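For reference, positions follow the sequence shown, starting with 1. Since we're looking at a predicted model, the values are computed, not measured. In what follows, every heavy atom counts, from backbone to side chain, and hydrogens, waters and symmetry copies are set aside.
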Amino acid sequence: MSASESPASSAVLIARALRCSAGPHRLWGPLDVQLSAGVTWVTGGEGRGKSSLLRMLAGDLVVPGSNLQLAGTGLQTDPAQYRRKAFWMDPRTSAWDQSSPLQFWEQGKRLWPLWRAEICRELASALGLDEHLAKPMYMLSTGSKRKVWITAACASGAELTCLDEPFAALDRASIRTITELLQDAAAHSPRAWVLADYEAPAGVPLAATINLGA
């Protein structure tokens, strides 16, 4: 397991003493992570805890004894404010199945204070979601649901934006759109984007790589 780190002075996120176990067996840790603006790739074999790491960084999964600071806010001292600065959505969640994409995005304005409605509209159209916006989420395909989460991730404005296998189940045109977004994020975004996947996003310059092992 290895992690390439950025200097603390330029870090958007500093996390200490993270660890992940499967039953009685420790998969990795303790792990210290410093993330700067741009795109960080989390890689590792099946069952190595890539999604768990995203949840930890976003404050959704709290590890006893760990310490996380995101854009000046500590998870341990102000968890609610910390989570407003982070975006994470399990792409397999059924929690929003009775809501439409429009209803979910409306909630996004409350969940993430830096929400950008114009980005949401533009990206939804670019990803071909217009005809699905009023449907309950349970009626959407796996790929369309993933597009809803990715649209929210981009519109959230969150200082830390975590994406779990963002290209899975997407059509070729949507993959191209998301790749272009990540390329722009790598070059210009002040946000830290963390992408967990088996392969690095093609053509996207990386700020750092976290390898959780085979």
Nearest non-hydrogen partners of P101 and V148, listed with the distance: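 Shortest heavy-atom separation between P101 and V148 comes out as CG-CG2, 3.8 Å.
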Salt bridge (Lys or Arg N to Asp or Glu O under 4.0 Å) contacts touching residues 57-75 (sequence neighbours left out):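 Passing the test, one end in residues 57-75: R55-D60.
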What pairs with [X] under side-chain hydrogen bond (donor to acceptor under 3.5 Å, both in side chains), at least two apart in sequence or on another chain?
X: R110; answer: Q107
X: S125; answer: D130
X: D164; answer: S51, R92

Partners meeting side-chain contact (heavy atoms from CB on, under 4.5 Å) with [X] (sequence neighbours left out):
X: S189; answer: A185, R191, W193
X: V204; answer: V39, T179, L182, Q183, A186, P201
X: A17; answer: none
X: A15; answer: L18, V33, L57, L68

side-chain hydrogen bond (donor to acceptor under 3.5 Å, both in side chains) contacts in which one or both residues fall within residues 145-154, not counting sequence neighbours: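 Every side-chain hydrogen bond (donor to acceptor under 3.5 Å, both in side chains) pair that includes a residue of residues 145-154, provided the two are not neighbours, is D97-K145, K147-D171, K147-S174.
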Could you tell me whether the side chain of [Y] reaches within less than 4.5 Å of the side chain of [X], counting heavy atoms only?
X: L163; Y: D197; result: no
X: R19; Y: P64; result: yes
X: V42; Y: L212; result: yes
X: L123; Y: T177; result: yes
X: C20; Y: L53; result: no

Output the distance between atom [atom1] ([X]) and atom [atom2] ([Y]), rounded to the nearest 0.5 Å.
X: L160; Y: T40; atom1: CG; atom2: OG1; answer: 9.0 Å
X: T43; Y: E199; atom1: OG1; atom2: CD; answer: 9.0 Å
X: L102; Y: L133; atom1: CG; atom2: CG; answer: 4.5 Å

Which donor-acceptor pairs under 3.5 Å do the side chains of residues 113-121 make with protein atoms, sequence neighbours left out?
residue: R116; atom: NE; partner: E118; partner atom: OE2; Å: 2.4
residue: R116; atom: NH2; partner: E118; partner atom: OE2; Å: 2.7

Pairs touching residues 51-77 that satisfy ring-ring contact (aromatic ring centres under 6.0 Å, His included), sequence neighbours left out: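 Checked against ring-ring contact (aromatic ring centres under 6.0 Å, His included) - neighbours excluded - no pair reaches residues 51-77.
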ring-ring contact (aromatic ring centres under 6.0 Å, His included) contacts in which one or both residues fall within residues 72-92, not counting sequence neighbours: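 Qualifying pairs, neighbours excluded: F87-W112.
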Check: Q103 side chain, P136 main-chain N or O, donor-acceptor pair, under 3.5 Å: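 Checked: no pair found.
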